[in-house]
Structures are given as structure tokens and as C-alpha cells.
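A short worksheet on the structure shown next.
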Amino acid sequence: MLDVCLPGYRRQLKLHRYWVTHSGRTYRGLPKGSHGSTNPEIHVSHIRRLAAFFNIVACAERELGH
């Protein structure tokens, strides 16, 4: 979804979270998952906050089918 809705973003792996950066803004709330899992289950509330933060709600809804 981010590849389509937020081209040029960067993702940085931190201790417990991913930081997503685009156009000088950084969203720091995307969790890595339970106990640092590299394939986490990410809850919809995190995606909603990220989409609102970067103002990509309409595109995210299209891409995710909601």
C-alpha cells in the first residue's frame, strides 16, 4: 500500500517499531509485532493513523479494499 500511496517513503527498523519517513515527516507508531517479529500482524488502527498522518486515507482505502 505504501509503495502506491506514498512513493518515495523510507522505512527504518528500530528496536520495537518501524519509522516511516516521507517529505520530512516521520511516523513512529508502526509496530514490529509481538516480541520483535519480522512478520507482524498490524492492526487496522495503526494503518488508519499512518494514513491520516500522511494524508493518504482515500488511496489507502482503495488499495486495502475498505
Side-chain angles (χ1 to χ4, degrees):
M1 183 242 349
L2 289 177
D3 289 336
V4 172
C5 298
L6 201 62
Y9 78 96
R10 286 185 318 135
R11 181 182 65 198
Q12 295 176 323
L13 181 59
K14 297 297 182 177
L15 184 59
H16 296 291
R17 304 197 179 277
Y18 288 103
W19 287 10
V20 179
T21 303
H22 185 267
S23 297
R25 299 188 72 201
T26 302
Y27 180 79
R28 295 175 174 95
L30 198 59
K32 265 176 41 176
S34 179
H35 303 290
S37 169
T38 56
N39 190 15
E41 251 187 62
I42 298 177
H43 297 276
V44 70
S45 61
H46 293 291
I47 301 303
R48 281 188 189 127
R49 279 187 236 133
L50 180 136
F53 182 82
F54 287 115
N55 197 25
I56 59 168
V57 174
C59 181
E61 288 174 347
R62 267 192 321 272
E63 288 299 309
L64 298 174
H66 287 101

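In what follows, residues are counted from 1 in the order of the sequence shown.
Going from atom CZ of R48 over to atom CG of L64 covers 10.5 Å, rounded to the nearest 0.5 Å. The structure places CZ of R25 at 10.5 Å from CG of L6, a figure rounded to the nearest 0.5 Å. Summarising the geometry, atom CD belonging to E61 is positioned 11.0 Å from atom CD1 belonging to I56; distances are rounded to the nearest 0.5 Å.
Scanning all heavy atoms of the two residues, the minimum distance from H46 to G29 falls at ND1-O, 3.3 Å. The shortest heavy-atom contact between E63 and C5 is CG-SG, 3.7 Å. Closest non-hydrogen pair, Y18 versus L13, comes out as CE2-CD1, 3.4 Å. A60 and A51 get closest at one heavy-atom pair: CB-CB, 4.1 Å. For the pair L15 and K32, the tightest heavy-atom approach, listed with the atom from each and the gap, is O-NZ, 2.9 Å.
Between P31 and the options H43, H16, R17, a side chain to side chain contact (heavy atoms under 4.5 Å, CB included) holds for only R17.
For the side-chain hydrogen bond (donor to acceptor under 3.5 Å, both in side chains) condition, the pairs that include at least one residue of residues 4-13, sequence neighbours left out, are D3-Y9.
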Exercise for the section: Apply side chain to side chain contact (heavy atoms under 4.5 Å, CB included) to the pair L2 and F54, showing each step before the final yes or no. Expected result: CA-CA 10 Å; L2 289 177; F54 287 115; 5.7 Å; no
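A search for ring-ring contact (aromatic ring centres under 6.0 Å, His included) contacts involving F53 returns Y27, not counting sequence neighbours.
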